[in-house]
2 protein chains.
Amino acid sequence: MAKDEKKLVEEITPMDEDFAQWYTDIIKKAQLCDYSGVRGCMVIQPYGYAIWENMQKEMDRRFKETGHENVYMPMFIPESLLQKEKDHVEGFAPEVAWVTHGGNEKLAERLCVRPTSETLFCHHYSNVIHSYRDLPKKYNQWCNVVRWEKTTRPFLRTAEFLWQEGHTAHATAQEAEEETIKMLNVYAEFCENILAIPVVKGRKTDKEKFAGAEATYTIESLMHDGKALQSGTSHNFGDGFAKAFDIQYTDKNNELQYVHQTSWGTTTRLIGAIIMVHGDDAGLKLPPKVAPIQVAIVPVAQHKEGVLEKANELYKSLSEKYRVKLDDSDKSPGWKFSEYEMMGVPVRLEIGPKDIEKNQAVLVSRVTREKRFVSLDELDAEIEKLLSEIHTQMFEAALKNREEKTSTASDYEEFKKCVMEKGGFVKAMWCGDEACELKIKEDTTATSRCMPFEQEKISDVCVCCGKPAKAMVYWGKAY
Amino acid sequence: MAKDEKKLVEEITPMDEDFAQWYTDIIKKAQLCDYSGVRGCMVIQPYGYAIWENMQKEMDRRFKETGHENVYMPMFIPESLLQKEKDHVEGFAPEVAWVTHGGNEKLAERLCVRPTSETLFCHHYSNVIHSYRDLPKKYNQWCNVVRWEKTTRPFLRTAEFLWQEGHTAHATAQEAEEETIKMLNVYAEFCENILAIPVVKGRKTDKEKFAGAEATYTIESLMHDGKALQSGTSHNFGDGFAKAFDIQYTDKNNELQYVHQTSWGTTTRLIGAIIMVHGDDAGLKLPPKVAPIQVAIVPVAQHKEGVLEKANELYKSLSEKYRVKLDDSDKSPGWKFSEYEMMGVPVRLEIGPKDIEKNQAVLVSRVTREKRFVSLDELDAEIEKLLSEIHTQMFEAALKNREEKTSTASDYEEFKKCVMEKGGFVKAMWCGDEACELKIKEDTTATSRCMPFEQEKISDVCVCCGKPAKAMVYWGKAY
């Protein structure tokens, strides 16, 4: 290892030494985001934002394919509008930012910066929904929201973050429930097939559900350090909001009915999940389908005749299909190798005079670090194959980590030991009482992550209180 | 005209009767946006937002092709940061929204909701620019901004609006000036080739320039009613912001230098321009390249055997290339014809039993309303040709309107008459004094729109004061 390369790696704290510092180092080194002068808000730099753009493209396509349309709602919510739904305002009011002055004048009514937009969508829906012919309304919005968090961490928890929020209105309760589950499945498929992150699908307990929802469903993923991350949620509101906002329609029998609503959201915290699920001590490891650079071309002995020409030629032909970067800067090849590893670029392509002679290039996988000597005639097909292999390997490694860090507990001593010593997910039975959730949180800091759709019967009684069990729950410490 | 169709058209006020009401009617009928419960803020509905998405795609591609990267900055600016550049804060402070409380606590320092993000970009640039190797930085951001306007109109002037803002930092003054002009040209090309809106390119007078800029360049377009609309601006900041925010780099001679900066922006008000440049009494007329629906397929006698099957078949094959809607609802064909006219869909495709017999379809242009009977074998090529013709016809009609409404004045009486009676652009000489701009505004409400790059010499003296002229100016009343 040359001095330069060593320095690059040395600046990243090993993850087993200090995972939080490793996370911070990675973000800084890879220039994903920068601290801003504004408390709890971050600057998302080009490399970080490009990941988000690729995620947006994939998700947006899925939303449109499932019949959703994009809209844009105001960023401000008048205080009186926020207060219309009792549970909702209780959940959000303590963490909103308040606008009190416009220009030099004090506002007659305070406006909060949206922490989420249910109230705005409801207000709009009450304007535009009149008849069963107006249903369903299936809207989505890409925007920024603000939640005044006390402690913040880049991507994972920031005062302002970017997200998408779907909001739909349906004629029947059944349709709303189907939509809620459908969008949870869209999220799960996106996480697994695009981000290579395996997820557990399930339902939140009442304690953990969204303020104002009848039911909240979630996808939960497990980070490398054994902590869980809520990665997307989908809520069924029933007709609670419709009643609070008077959203009624005339059905086919000319009778007035309340609509049934859903909302669902994912945020830039998924970038945090990508970092913490896949990364290693050498840096980021980006899922090929959202990596801003899928192939980094590094010319070797680039001063020699024909090398840069060949590298440029490959760059042009590969750019038609892949996101490619050609690095012809005057840094050493070794430095570049480490740099693209650190940046998590899935495939490095090396090309030097000897390779040109042999009509070949060298492909190096970020995951296995294995070198493949590939004929230039088969380059395109080999890259496609390698990217696909990398995705699968990343997904399997993440799944293996989750499985290794998932345990089952049938008594409380065992349960506490699992949570405190092993970390990860702990599967255990629960009686359905919030009191047990509170006790478990106090004893271990773990929370109920979800009641998974795939239930198992570990025992007949609650792991905490011994009363009859109602459901098996995934427990864990969470970000 | 059937009763239904008549009703649809009657709801739109004729533009010559009341242009402002026509504008409002169109927006409501075409469901582009809805008033929200928040003062001065609008809900952009799916059809309006889809236009913006198509505009974004086209612009974003141009920004990336010219070497710009997308980023995301915080939406809040601490008061002390906003105040760092004297002219800038003077220009914007009177019209910002202030956040004073987070959750239940009063903030130590007020935060304004960004009216524009120069100060945030400067703060970030001062963090990340150290050496000439870090330059240029060419960033762009898509986001929402807030300006606390007293009177608002949908798209044209709203308290919150969507836009993109480019912010760049360069090593030299020359590079910054080149960037400023380059992006103005990107905007002009986009307006003309994508939105079919002809623009006048020029420089703003000092009175009209951006707060904190050395020079502001603009593209100005003319609406159907003869009022001008500033459609995009590009600013050269010189090193003014760099000095205020201490953005310095070490040059190749190891000497400290200030960077030179630019910014440039376009907003959702361009949707207002599309409506007011192209629309007519029948409704919207959307430029084919951003129309959410380029081709509306209306089956005729759809209950007859084979009609819906054929319509579906055409829908499938055309959807691979165009944005197509097949309307198989139970409304009458006549109603659908009027509806897609009102929605400004460039091409209507009618297909009925007789057409199927003859292996043909009927294409109707939104602009000429001419019917073309086209063999199904040539449908794709004919649609492509028709969409291209429609774009050209729309551009030429807009240009003709502008030319008819552009006059030249060499004395002040004539000037006032042109502005007050004819409207449109008035070309006249100007001495360079703000006093004349103020007098003209007081006498006529017209403002200087720009000093066009293509200068003409109309006379030797200022049209207002008679002192020696410095430049020919486009004057006009503006939105």
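Naming convention: chains lettered A, B, ... in sequence-line order (proteins, then strands); numbering from 1 in each chain. Any value given below was found using the heavy atoms of this structure, including those in side chains, with hydrogens, waters and symmetry copies removed.
Both the backbone and the side chain of A:Trp98 have a heavy atom closer than 4.5 Å to some heavy atom of chain B. Proximity to chain B is limited to the backbone of A:Met42, based on heavy atoms less than 4.5 angstrom apart. Heavy-atom distances place no part of A:Lys106 under 4.5 Å from chain B, backbone and side chain included. Looking at B:Tyr35, the atoms closer than 4.5 Å to chain A (heavy atoms on both sides) all sit in the backbone: N, CA, C or O. For chain B, no part of A:Tyr47 is nearby; none of its heavy atoms comes within less than 4.5 Å. Contacts of B:Lys137 with chain A are absent, with no heavy-atom separation under 4.5 Å from either backbone or side chain. Of the atoms belonging to A:Lys138, not a single heavy atom falls under 4.5 Å from chain B. Using a 4.5 Å cut-off between heavy atoms, A:Val96 touches chain B through its backbone atoms (N, CA, C, O) alone. Heavy atoms closer than 4.5 Å to chain B are found in both the backbone and the side chain of A:Asn70.
Around OH of A:Tyr315, the count of heavy atoms belonging to other residues, nucleotides or ligands within 6.0 Å does not exceed 12. Counting heavy atoms of neighbouring residues, nucleotides and ligands inside a 6.0 Å radius, atom NZ of B:Lys321 exceeds 12 of them. B:Lys64 NZ: more than 12 foreign heavy atoms inside a 6.0 Å radius.
Looking only at heavy-atom pairs under 4.5 Å with chain A, the residue among B:Glu109, B:Glu53, B:Gln31 that has the most is B:Glu53. When the candidates B:His123, B:Arg147, B:Glu105, B:Gln141 are compared by the number of heavy-atom contacts under 4.5 Å with chain A, B:His123 comes out ahead. When each of B:Thr268, B:Leu81, B:Asn140, B:Val113 is checked for heavy-atom pairs under 4.5 Å with chain A, B:Val113 comes out on top. Counting heavy-atom pairs under 4.5 Å between each of B:His101, B:Glu69, B:Glu95 and chain A puts B:His101 at the top. Of the listed residues (A:Ser36, A:Cys33, A:Gly40), the one with the most heavy-atom contacts under 4.5 Å to chain B is A:Ser36. The choice from B:Asn144, B:Asn104, B:Val146 that makes the most heavy-atom pairs within less than 4.5 Å of chain A is B:Asn144. Ranked by non-hydrogen atom pairs under 4.5 Å with chain A, the options B:Gln45, B:Arg39, B:Arg110 are led by B:Gln45.
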For A:Val43 and B:Leu120: C-alpha separation, side-chain torsions, deciding distance, then whether side chain to side chain contact (heavy atoms under 4.5 Å, CB included) applies. CA-CA 9 Å; A:Val43 172; B:Leu120 296 162; over 6 Å; no

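Listed in order of number, the residues of residues 152-165 of chain A that approach chain B to under 4.5 Å between heavy atoms are A:Glu160, A:Leu162. Within residues 323-331 of chain B, the residues approaching chain A closer than 4.5 Å by heavy atoms are, in numerical order, B:Asp330.
Closest of all the heavy-atom pairs between B:Gly37 and A:Pro78 is O-CG, 3.8 Å. A:Ala97 and B:Phe76 get closest at one heavy-atom pair: CB-CZ, 4.2 Å.
With a 4.5 Å cut-off on side-chain heavy atoms, B:Val99 and A:Val99 count as touching.
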